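The structure appears right after this line, and notes come after that.
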Amino acid sequence: MDTRFLGIAELTATPSVAVVVDVMRACTVAAWAFARGAEKIVLAGSLDEALALKGRHPDWVGLKDGAPAPGFDAVNSPGRLRSRDLGGRTVVQKTTAGTVGALAVKDASLVLCAGFVVAEATARLLRERGGEDVTFVVTGEDGRADEDLACAQYIARRAAGEATDAAPFLRRGGDSRAAAELAQGVRAGAHPDDVALCLELDRFPFAMVATQEDSLMVLRPHTFA
């Protein structure tokens, strides 16, 4: 398996297989939404699109980055989402980097969204697919976010079947700029537990697969038999 690690702006061609990594916090939040019972997550390209979708489907849960805002039901925080009952609900999610990265590779044959919380499940799905080139999309900080790169590199090693100590990769996540900003309350809508929740290795047993459905990019959990 050949791997590349690219920022969103560095994507010059449609990859065969893409793994979109946003540890802090979009992909972690998505995993928590599924853990809290969400059926699917619609990835919106803009706040206006998210609000329009919410307007057409009032029962959907609107989720965005930053502080709470009219028309949205939740913010992009695992600490704030973990107590929500989302049983059977559809979530429409718009974030600064994670959703942008997924939409940038929407034409790939396989699109996975990942963070540390679903690292092994993501690696397992890549192993099962086998033999294909994989592009890891490092979404944060124009491709330089070390928490995302560390997670991508860890998943790549596990997908290649390497026995890999996760501790150094998790440590990089904890030392990252994003972690510091969350811990210091720089990022609006954060919860004090967000950093710890984003660094929980393999908290969930499913991978997350995004596919195009009726012109929308839809994320669903992939479970294993």
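We use all heavy atoms of the structure for the numbers below, so side chains are in, but hydrogens, waters and symmetry mates are not. Since the model is a prediction, treat every value here as computed from it, not as a measurement.
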Self-check item: Short N-O contact, Glu120 and Arg127, less than 4.0 angstrom
Solution: yes
Self-check item: Residues Asp107 and Thr14: side-chain donor-acceptor under 3.5 angstrom
Solution: no
Exercise. Report the distance from atom CG of Leu197 to atom NE2 of His191, rounding to the nearest 0.5 Å.
Key: 8.0 Å
Exercise. First locate atom CZ of Phe34, then atom CG of Leu86, and finally report the distance between them rounded to the nearest 0.5 Å.
Key: 10.5 Å
Quiz item: Pick from Val19, Val137, Leu219, Val134: which one makes a side chain to side chain contact (heavy atoms under 4.5 Å, CB included) with Leu112?
Solution: Val19
Quiz item: Is Met1 linked to Ile155 within one hydrophobic cluster, defined over Ile, Leu, Val, Met, Phe, Trp and Tyr using a side-chain heavy-atom separation of less than 4.5 Å?
Solution: yes
Quiz item: Short question: side chain of Ser109, backbone of Ser16 - any donor-acceptor pair under 3.5 Å?
Solution: yes
Quiz item: Per the side chain to side chain contact (heavy atoms under 4.5 Å, CB included) rule, which among Ile41, Leu81, Val29 passes with Val91?
Solution: Ile41
Exercise. Kindly write out the residues that satisfy side chain to side chain donor-acceptor pair (under 3.5 Å) with Arg80, not counting sequence neighbours, or none if the list is empty.
Key: none
Exercise. Give, for atom OG1 of Thr28 and atom CG of Asp194, the distance between the pair rounded to the nearest 0.5 Å.
Key: 9.0 Å
Quiz item: Got a sec: does the CZ of Arg157 have more than 12 other heavy atoms crowding it under 6.0 Å?
Solution: no
Quiz item: Under a 4.5 Å side-chain heavy-atom rule over Ile, Leu, Val, Met, Phe, Trp and Tyr, are Phe136 and Val118 clustered together?
Solution: no
Practice problem: Take Val105 and Leu11 through the side-chain contact (heavy atoms from CB on, under 4.5 Å) test and state the conclusion after the steps. | Solution: CA-CA 8 Å; Val105 292; Leu11 294 164; 3.7 Å; yes
Quiz item: What distance do Leu170 atom CG and Phe116 atom CZ have between them, rounded to the nearest 0.5 Å?
Solution: 5.0 Å
Quiz item: Does the side chain of Arg158 pick up a donor-acceptor pair with the side chain of Thr164 at under 3.5 Å?
Solution: no
Quiz item: Atom CG in Asp22, atom CD1 in Ile8: separation rounded to 0.5 Å?
Solution: 8.5 Å
Quiz item: Do side-chain atoms of Arg82 reach the backbone of Gly79 as a donor and acceptor pair under 3.5 angstrom?
Solution: yes
Quiz item: Going through the distances and angles, do Arg220 and Val209 end up as a side-chain contact (heavy atoms from CB on, under 4.5 Å)?
Solution: CA-CA 6 Å; Arg220 296 180 186 272; Val209 180; 5.9 Å; no
Exercise. Starting at CG of Leu103, measure out to CE of Met217 and round the result to the nearest 0.5 Å.
Key: 6.5 Å
Self-check item: Name of the residue among Thr99, Val21, Val20 meeting side chain to side chain contact (heavy atoms under 4.5 Å, CB included) with Thr139
Solution: Val20
Quiz item: Does the distance from a Lys or Arg side-chain N to an Asp or Glu carboxylate O, for Arg84 and Asp73, drop under 4.0 Å?
Solution: no
Self-check item: Side chain to side chain, Thr90 and His57, heavy atoms closer than 4.5 Å
Solution: no
Practice problem: Identify whether the distance between the nearest side-chain nitrogen and carboxylate oxygen of Lys94 and Glu49 falls below 4.0 Å. | Solution: no
Quiz item: Linking I/L/V/M/F/W/Y whenever their side-chain heavy atoms sit closer than 4.5 Å, directly or via other members, would Val111 and Val23 fall into one cluster?
Solution: no
Quiz item: Step by step, would you call Arg124 with Glu128 a salt bridge (charged side-chain N to carboxylate O under 4.0 Å, His left out)?
Solution: CA-CA 6 Å; Arg124 177 179 174 181; Glu128 289 183 356; 3.3 Å; yes
